[in-house]
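Below: one structure, written as structure tokens.
Scope of the values below: all heavy atoms of this structure, side chains included, with no hydrogens, waters or symmetry mates. Letters A, B, ... are given to chains in the order of the sequence lines, protein chains preceding strands, and every chain is numbered from 1.
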There are 2 protein chains.
Amino acid sequence: MVKETEETRVQQTASMEDYLKAIALLGRKEARATVTNISKLLKVKKPSVTSALAKLSGMGLVVHKRYGSVDLTPDGFKAAQDVYHRHRILCYLLADILKVDPKIAKDDACRMEHALSPSSLERLDQFIRFTRNCPHGTPDCLEGFNYYLKHGSRSKDIMFRCRAAEQSNRESTNGVKARKESRR
Amino acid sequence: MVKETEETRVQQTASMEDYLKAIALLGRKEARATVTNISKLLKVKKPSVTSALAKLSGMGLVVHKRYGSVDLTPDGFKAAQDVYHRHRILCYLLADILKVDPKIAKDDACRMEHALSPSSLERLDQFIRFTRNCPHGTPDCLEGFNYYLKHGSRSKDIMFRCRAAEQSNRESTNGVKARKESRR
DNA sequence: CCAGAAAGTTAGTCAAATCTAACAATCATA
DNA sequence: TATGATTGTTAGATTTGACTAACTTTCTGG
């Protein structure tokens, strides 16, 4: 018997993930998910959309009536949510924690979201939750970092609260990974 | 007159960046950068390497003597350094700060490195430097985060040092970016 | 030195994802 | 309700980056 939380999640290509995300986004606004709208949003030509929809239909992720409506199946919806979650998490890290310009943060997130593994996503999510659920507001670390960003050095005031603790600092990972396996 | 720091850096594709990184890596070891070695490292077949080298030659990033040596030009070296820097920064974030399994961290970094803009890289770099140059060791925030990761909740002890401070928390960025412009 | 092994290349194929041009369906309104 | 505009599709070309099969060059040990 198979676990019910079965993650049979077939890996989408970056392109297909973008289409799913766009469809989900348009679907929940006044703007309907149509070939033309998707085309405009992703800045691709309409035939590219038609062809992508055919592929996504084949994978059972959308239902596309010829000359008609475009809808996500439950699987498609889940997949889209998944991409969008990765997107939001990356965006938050970049824009809100690291103070990258929001537009650039969004663009980067749009590209990186296709490359984030579940494990990394999970940890990033935890980290963000950690920085947000401090009962007194901005945790020291972020406050300190914001100061550091602005002035180029640490605030003496914030700094002295820093504890002594050793950090094992391994220099590992030679930095190259097979192209083949790094595809999604 | 043009600025001398002219960043005429032509955007490489992810694939080309991988080749550059591999060549740089092999170049500075006992293992020479040869077609066969690059092929093994990136897990692609040799004809793919030959063809990539032809392209990189055309771009003036490597010098490849037929049946012979493979060397980075100064530009190629710079480009390779650049990719590798992005790689190390992402790896550090994932593995050392977020405590993602090193192998997974490396794989993720290998994919995300192609999508990180200079601005985000810069901020990430600053953040990491910030977490490392604390004169007393691990800054509170990381110490606190490590505790949080292990126990699922904050350490009361660490927490009370957290300052009150308001955080303006905008929910922005609708999360879709044109595919076209998100290519490199 | 020369024969087989190893390394590298060439030529041609394939798949993914885009594009353009031309056609077909639907809509909107006069 | 006809007709022009909008929307969507089909067919076919292009690009990128991989692959296989077959060939050529270089190296190496007897």
Between P of D/dG17 and CG of B/L42, the distance in whole Å: 13 Å
Side-chain contact, heavy-atom cut-off 4.5 Å: B/V70 with B/V49? no
Any side-chain N or O of A/S51 under 4.0 Å from OP1/OP2 of C/dT18? no
Does C/dT18 have its OP1 or OP2 closer than 4.0 Å to a side-chain nitrogen or oxygen of A/Y19? yes
So, A/D82 and A/R86, do they make that salt bridge, N to O below 4.0 Å? yes
Look only at the side chain of B/S117 and the backbone of A/D108, and say whether a donor-acceptor pair between them is shorter than 3.5 Å. no
Below the 4.0 Å mark, does C/dA17 have OP1 or OP2 next to a side-chain nitrogen or oxygen of A/T13? yes
Rounded to whole angstroms, how far apart are CG on A/L56 and C1' on C/dA16? 13 Å
Ignoring backbone atoms, test whether A/S48 places a side-chain nitrogen or oxygen under 4.0 Å from the OP1 or OP2 oxygen of C/dC19. yes
Whole-Å gap separating P (C/dA17) and CD (A/E17): 11 Å
Between D/dT15 atom P and B/M16 atom CE, what is the distance in whole Å? 16 Å
Roughly, in whole Å, what's the span from CD1 in A/I38 to P in C/dA17? 16 Å
Considering only heavy atoms from C-beta outward, does the side chain of A/K45 approach that of A/S39 to under 4.5 Å? no
Side-chain N or O of B/K55 versus OP1/OP2 of D/dG17: is the shortest distance under 4.0 Å? yes
B/M112-A/L94 co-clustered via ILVMFWY side chain contacts under 4.5 Å: yes
What I want to find out is whether B/D125 reaches B/R129 closely enough, with some N-O distance under 4.0 Å, to be called a salt bridge. yes
Quick one: which protein N/O atoms are closer than 3.5 Å to N/O atoms of nucleotides 2-9 of chain D? Pair and distance per line, please.
from: D/dG8; atom 1: OP2; to: A/T36; atom 2: N; distance (Å): 2.8
from: D/dG8; atom 1: OP2; to: A/T36; atom 2: OG1; distance (Å): 2.4
from: D/dT9; atom 1: OP1; to: A/H64; atom 2: NE2; distance (Å): 3.2
from: D/dT9; atom 1: OP1; to: A/Y67; atom 2: N; distance (Å): 3.4
from: D/dT9; atom 1: OP2; to: A/T50; atom 2: OG1; distance (Å): 2.9

